[in-house]
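Right, one structure below, let's go through it.
Labels below follow one simple rule: chain letters A, B, ... track the order of the sequence lines, proteins then strands, and each chain is numbered from 1.
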There are 2 protein chains.
Amino acid sequence: MSGQQSRRGAENRLRIVETASELFYHKGYGRTSFSDIAHAASFPRGNFYYYFKTKDELLDEVVEYRLQGLRAMVSEWSALHDDPAERIACLADMLEQSADDIVTWGCPIGTLISELGKADERLQARARELFDVIIDWLREQLEALGHGLQSDVLAKLLVSRIQGITTLAQAYHDREYLDYEIRCLREEIRRIANREHAHECRE
Amino acid sequence: MSGQQSRRGAENRLRIVETASELFYHKGYGRTSFSDIAHAASFPRGNFYYYFKTKDELLDEVVEYRLQGLRAMVSEWSALHDDPAERIACLADMLEQSADDIVTWGCPIGTLISELGKADERLQARARELFDVIIDWLREQLEALGHGLQSDVLAKLLVSRIQGITTLAQAYHDREYLDYEIRCLREEIRRIANREHAHECRE
DNA sequence: GTCTATAGAGGGATAGAC
DNA sequence: GTCTATCCCTCTATAGAC
């Protein structure tokens, strides 16, 4: 095979990354060992080090993998609707679809960034890019809605609302609470789109 | 000395718990080792096991210690003001005072619960009591403001807002963002107190 | 009650056979 | 490229001297 890695090698690499991504979500980065990943992906432990020199490098690749998924997701939302308000509402749809996971393991992005915040500054900075993708995309939609300079604040407000909701939903494993708050979030998105939402505050 | 433990012993026990509580906040529970605690409190490692049989038991005591602190805090707020709205605003004062810590390590309660959510169901349930203290106290204040059945939803809304804000503030180490959102939070508290805040949503 | 020494398990990482 | 064997370190926890 030409290139730096054979097709088989690339497949294995992807399988490791996908398995690691899921385990990092369910167990956390620090508590997920190579043994866990090797067992879940059913291949020998030492095999890794052909693909990744360190665990940190694996995390980098997991973040890259998730970044690609996120970027594809927001692109799809942009393609699906012309109205920015409807696009933003896709975020609520997504929460609804992953509600069971959220109640069990929390937000896959928020919990990772939170964990890495206490472990390694460099790794957290990397994972933070995941937030950036969502916030940047939201800002674009809000600018299209005519929110101008408020767009950045409002984008962060929406992400912050979601973080708060998912944190409590996970803490209490409360699906009903999550469902209710997602409905509230939809209302808030509608209000923001209609410029009925006040989030400015006196300096 | 009479009782189950001498005064000296009780002092040591407290010093361990205080040191552990701080390290759990800064480094996380899983990443804090007995060596870390022993070093920070400057006493030999093996010494612990006279006081605590396991690390989980230590966490239990740390949670108990923090619960006492939290309960004392909300009691003080209740004693300080007669107006429930002013009492609730104390929460914003507290965030302001601990802003530097929040930007560095996040919310001490939220990050602990989030971490334990991926580690141990039992330990998370214990730590969740920390949320309960705040939510229960907020609900009482909101009931006093006449919010009736909405009090529970609004109490959780406030805690959720704080979780979202602290998560983003920590992720971006952004003190300006945190200061801004605390000001917004004050406005929201004011609006809630004046019944101007709509959080109901259609079922 | 206090401290040392160490067991025992599991982690990340490496060397080298195939 | 793939897999085994193993090193070394750190962690929790224990045994037992003082």
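The interatomic distance linking A/Glu11 (CD) with D/dG1 (C1') rounds to 14 Å, in whole Å. To the nearest angstrom, C1' of C/dG11 lies 12 Å from CZ of A/Phe48. Distance CD1 (B/Ile37) to C1' (D/dT10): 15 Å, rounded to an integer number of Å. Atom CG of B/Asp56 is separated from atom P of D/dC11 by 17 Å (rounded to the nearest Å). The interatomic distance linking A/Phe43 (CZ) with D/dT2 (P) rounds to 10 Å, in whole Å. Atom CG of B/Asp36 and atom C1' of D/dT10 are 11 Å apart (whole Å). For the pair B/Arg31 CZ and C/dG10 P, the interatomic distance rounds to 20 Å; values are reported in whole Å.
Here B/Phe34 lies in heavy-atom contact (under 4.0 Å) with sugar-phosphate atoms only.
You'll find that the side chain of B/Pro44 is closest to C/dC3, out of D/dT2, C/dT2, C/dC3. Considering only the side chain of A/Tyr51, D/dT2 comes nearest among D/dA13, D/dT2, C/dT4. Residue A/Tyr50 has its side chain nearest to D/dT2 when only D/dT2, C/dG1, C/dG12 are considered. Out of D/dT6, D/dC11, D/dA13, the shortest distance to the side chain of A/Arg45 is found at D/dT6.
With A/Ser21 contributing its side chain and A/Val17 its backbone, the two residues share no donor-acceptor pair below 3.5 Å. Counting only distance, with no hydrogens or angles, the side chain of B/Ser42 and the backbone of B/His39 share no donor-acceptor pair below 3.5 Å. Between the side chain of B/Tyr180 and the main chain of B/Arg175, no donor-acceptor pair closer than 3.5 Å is present.
Side-chain nitrogen and oxygen atoms of A/Tyr49 include none within less than 4.0 Å of the OP1 or OP2 phosphate oxygen of C/dT14. Look at A/Asn12 and you won't find any side-chain N or O under 4.0 angstrom from OP1 or OP2 of D/dG1. OP1 or OP2 of C/dG11 sits under 4.0 Å from a side-chain N or O of A/Ser35. Residue B/Asn47 places at least one side-chain N or O under 4.0 Å from the OP1 or OP2 atom of C/dC3.
Judged by distance alone, the side chains of A/Gln124 and B/His173 do bring a donor and an acceptor atom under 3.5 Å apart.
For the pair A/Ser33 and A/Gly46, both in contact range of DNA chain C, the more 5′-proximal nearest nucleotide belongs to A/Ser33.
Here A/Asp83 does not pair with A/Arg87 in a salt bridge; the nearest charged N to carboxylate O distance is not below 4.0 Å.
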